[in-house]
Amino acid sequence: MAKHYFTVTWDQLHRDAKALAWRLHTQGPWKGIVAVTRGGLIPAAIIARELENRLVESICVVTYDDEKRGEPQVTKPAVAAGDGEGWLIIDDLVDSGTTARHVRALLPKAHFATIYAKEQGKPVVDTFITEVSQDTWILFPWDTEPQFVAPLARSPG
C-alpha cells in the first residue's frame, strides 16, 4: 500500500505533458501517437497538439482494479501502429513496469514516454519527466475533485 500521496492538478499535468512534448520534439518526427488508456489519453492529446501530430491511436490495457495490480489484459490493440516503428507511446505513469512491458512487447519498435516514473518502471520507458518514489500513489486530476479541507488548527492531534 502507498505510504505517500502525490496530488497532480490539471495545471501541473498540462505543464508536465508540455515538458514531455518539448523533450520528444527533437526525437521525432513521429508517424503517430499511441495513448495507453486510460491514463495516457489526456497527456497524449496535449502532446499530439504540441507536436502537431493528428494521428492518435489507443491501446486499451486493464492492469489495475481498485488500486490492486493484476495481469495486463489488452481489450483493444493499437492496430494502426504495427510493430511501433516511428510511433510514440504515451502513458501518464510507469509504476512497476508491468503494463509498459506488456505494451512494449506488442509495439517493440516504438518510443515509450511517460510523464511520471517510479524506480521499478524507469528501465522500461525511453523518456519520462518526473521521478516519484515507489511507495507514492499519484492522485491524477481525473481521479479526484476539489473539496473543503478544515483548517489545520481544527484538525485533531
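Note that the structure is predicted; figures quoted are calculated from it, not measured.
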Please tabulate, for side-chain N and O atoms in residues 7-14, each donor-acceptor pair with protein atoms closer than 3.5 Å (sequence neighbours left out).
unit_1: T9; atom_1: OG1; unit_2: Q12; atom_2: N; d: 3.1

Original post:
V62 versus P72: any side-chain heavy-atom pair under 4.5 Å?
Top reply: no
Subject >> Any I33 side-chain heavy atom under 4.5 Å of E57 side chain >> reply: no
**OP:** Only pairs at least two apart or in different chains count here, so list each ring-ring contact (aromatic ring centres under 6.0 Å, His included) that has a residue in residues 26-45.
**Re:** W30-H111
Subject >> By side-chain hydrogen bond (donor to acceptor under 3.5 Å, both in side chains) - contacts of K18 (at least two apart) >> reply: none
Subject >> Joint cluster assignment, V74 & V103, ILVMFWY side-chain distance < 4.5 Å >> reply: yes
**OP:** State which residues pass side-chain contact (heavy atoms from CB on, under 4.5 Å) with P123; sequence neighbours excluded, sorted by chain then number.
**Re:** none
Subject >> K76 side chain near S58 side chain, heavy-atom distance below 4.5 Å >> reply: yes
Subject >> Pairing residues for K122 by the salt bridge (charged side-chain N to carboxylate O under 4.0 Å, His left out) criterion, not counting sequence neighbours >> reply: E119, E131
Original post:
Do the side chains of F140 and L20 join up, straight or via other hydrophobic residues, at under 4.5 Å, putting them in one cluster?
Top reply: yes
Subject >> Residues in salt bridge (charged side-chain N to carboxylate O under 4.0 Å, His left out) contact with K31, at least two apart in sequence or another chain >> reply: none
Taking only distance into account, with no hydrogens and no angle test, what donor-acceptor pairs under 3.5 Å do side-chain atoms of residues 77-94 form with protein atoms, sequence neighbours excluded?
unit_1: D83; atom_1: OD1; unit_2: E85; atom_2: N; d: 3.0
unit_1: D83; atom_1: OD2; unit_2: K109; atom_2: NZ; d: 3.4
unit_1: D91; atom_1: OD1; unit_2: G40; atom_2: N; d: 3.4

Original post:
Are V36 and I42 in one and the same hydrophobic cluster, where Ile, Leu, Val, Met, Phe, Trp and Tyr link if side-chain heavy atoms are under 4.5 Å apart?
Top reply: no
Subject >> Pairwise distance CH2(W137) to CG(D143) - rounded to 0.5 angstrom >> reply: 8.5 Å
Original post:
Among all residues two or more places apart in sequence or in another chain, which pass the side-chain hydrogen bond (donor to acceptor under 3.5 Å, both in side chains) test with D16?
Top reply: Y116
Original post:
In terms of hydrophobic clustering (I, L, V, M, F, W, Y; side-chain heavy atoms under 4.5 Å; direct or indirect links), are I129 and F6 co-clustered?
Top reply: yes
Subject >> Results of side-chain contact (heavy atoms from CB on, under 4.5 Å) for R104 - residues two or more places apart only >> reply: F112, V124, D126
Subject >> Partner residues of T26 under the side-chain contact (heavy atoms from CB on, under 4.5 Å) criterion, sequence neighbours left out >> reply: none
**OP:** Find out if a path of hydrophobic residues (ILVMFWY) with successive side-chain heavy-atom gaps under 4.5 Å connects V132 to F128.
**Re:** no
Original post:
Roughly how far, to the nearest 0.5 Å, is the CG atom of L107 from the NE2 atom of H102?
Top reply: 10.5 Å
Subject >> SG-CD distance between C60 and Q73, expressed to the nearest 0.5 angstrom >> reply: 13.0 Å
**OP:** List for me each residue that meets side-chain contact (heavy atoms from CB on, under 4.5 Å) alongside A35, sequence neighbours excluded, and say none if there are none.
**Re:** L41, A44
Original post:
With sequence neighbours excluded, what pairs up with E50 under the side-chain hydrogen bond (donor to acceptor under 3.5 Å, both in side chains) test?
Top reply: none
Original post:
Taking atom CD1 of I138 and atom OG1 of T144, what is their separation to the nearest 0.5 Å?
Top reply: 12.5 Å
Original post:
Which value, rounded to the nearest 0.5 Å, describes the distance between T127 atom OG1 and R23 atom CZ?
Top reply: 7.0 Å
**OP:** Check the pair D95 / Q134 against side-chain contact (heavy atoms from CB on, under 4.5 Å), numbers first and verdict last.
**Re:** CA-CA 7 Å; D95 188 327; Q134 199 66 43; 2.9 Å; yes
**OP:** Would you indicate whether the side-chain heavy atoms of V61 and T75 approach each other to under 4.5 Å?
**Re:** no
Subject >> Atom pair CH2/CD1 of W22 and I47 - distance to nearest 0.5 Å >> reply: 14.0 Å
